[in-house]
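Letters A, B, ... are given to chains in the order of the sequence lines, protein chains preceding strands, and every chain is numbered from 1.
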There are 2 protein chains.
Amino acid sequence: MNRMVSQQAASLDGVFHALADPTRRAMLRSLADGERNIGELAAPHSMSFAAASKHVRVLEAAGLVRRRIEGRAHVCRIEPAPLAMADAWLKLYEALWSERRGAL
Amino acid sequence: MNRMVSQQAASLDGVFHALADPTRRAMLRSLADGERNIGELAAPHSMSFAAASKHVRVLEAAGLVRRRIEGRAHVCRIEPAPLAMADAWLKLYEALWSERRGAL
DNA sequence: CGATTATTGAACCGTATGGTTTCACAACAA
DNA sequence: TTGTTGTGAAACCATACGGTTCAATAATCG
């Protein structure tokens with residue numbers, strides 16, 4: 001159980017960290033419209049392909065993106081589960097704080 | 001709506017970054033039960049007082065915590081508005097991804 | 001007053017992050 | 001085959017991060 005909790009904590013770290021960057025959030029937004037390969041994800045951003053590729057890896061490590069290789073293209077797609085975890089955390093503490101404010 | 005609480009621009013970057021650390025999330029959790037001064041926030045964590053103080057600063061910079069000085073104690077209290085912003089972001093994209101999943 | 005408490009600030013350290021450039025390589029197209 | 005495309009890997013750099021320690025300050029106690 002403790003292990004589960006710490007695993008969860010570790011992923012929360014990763015998910016929030018992944019979200020704490022505008023480039024990565026923009027990539028998620030793009031992926032919300034459908035699958036994209038790395039080049040398509042990189043194109044809108046004024047940085048090298050390699051830099052964008054690293055951002056995708058961060059998203060992948062956080063579990064927010066899944067990659068499948070099709071020929072020479074790496075096709076990425078969104079994975080909403082970790083997001084739900086982050087959302088659950090936010091909701092819980094928002095609820096606690098609202099209670100608290102209500103109690104004052 | 002009550003007020004534009006944190007005068008600082010609480011950016012999504014800052015909020016997500018602040019949340020991407022277990023020590024800082026634990027501090028927020030502690031603050032959910034009521035106001036705490038820096039020492040009280042620092043105590044449960046096995047790190048120097050100065051390190052904990054820096055974490056509080058990060059939370060403050062993100063607009064998640066407000067500080068008021070009472071004598072020699074710095075009393076901290078939660079500020080839920082930036083959390084709502086983060087939550088709104090998550091909700092929006094969760095909705096998009098759910099739609100997308102539904103469409104497949 | 002002097003001692004204690006609560007806290008910040010500054011300097012420092014090791015590691016992570018975000019960016020670059022260059023090179024390598026598999027997959028496809030001509 | 002040759003060449004182009006999509007991508008990763010490696011080396012490197014500057015800055016940020018999370019931690020430490022020690023000194024400084026302001027408020028309170030005795």
Problem set entry | Residues, nucleotides or ligands: over 12 heavy atoms within 6.0 Å of A:Arg68 CZ | yes
Exercise. How long is the gap from NE2 on B:His17 to OG on B:Ser11, to the nearest 0.5 Å?
Worked result: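 Separation between the atoms: 10.0 Å.
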Exercise. To the nearest 0.5 Å, what is the distance between CD (A:Glu79) and CG (A:Leu59)?
Worked result: 12.5 Å
Distance, rounded to the nearest Å, where [X] contributes [atom1] and [N] contributes [atom2]:
X	N	atom1	atom2	answer
A:Arg24	C:dT17	CZ	C1'	9 Å
B:Glu40	C:dT5	CD	P	15 Å
A:Arg57	C:dA16	CZ	C1'	16 Å
B:Lys54	C:dA10	NZ	P	11 Å
A:His55	C:dT20	NE2	P	9 Å
A:Phe49	D:dT5	CZ	P	13 Å
A:Glu70	D:dG6	CD	C1'	13 Å
B:Asp21	C:dA16	CG	P	14 Å

For this session: Determine the contact category for A:Ala51: base if any of its heavy atoms lies under 4.0 Å from a base atom, sugar-phosphate if only primed atoms, P, OP1 or OP2 are that close, otherwise nothing.
Result: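 Since a base atom lies under 4.0 Å of A:Ala51, the category is base.
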Proximal nucleotide (of [options]) relative to the [X] side chain:
X	options	answer
A:Arg72	C:dT21, D:dT5, C:dG18	D:dT5
A:Asn37	D:dA9, D:dT7, C:dA6	D:dT7
B:His74	C:dG18, C:dT7, D:dG18	C:dT7

Problem set entry | Check: A:Ala18 main-chain N/O paired with A:Arg24 side-chain donor or acceptor under 3.5 Å |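 Indeed, once roles are kept as given, a pair shorter than 3.5 Å links the two residues.
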Problem set entry | B:Ile38 vs A:Ala50, nearer the 5' end of DNA chain C by closest nucleotide | B:Ile38
Under 4.0 Å from OP1 or OP2 of [N]: is there any side-chain N or O of [X] that close?
X	N	result
A:Ser48	C:dG19	no
A:Ser53	D:dT7	no
A:His17	D:dC17	no

Exercise. Could B:Asp21 and B:Arg25 be called an ion pair, given the rule that one side-chain N must be under 4.0 Å from one carboxylate O?
Worked result: no
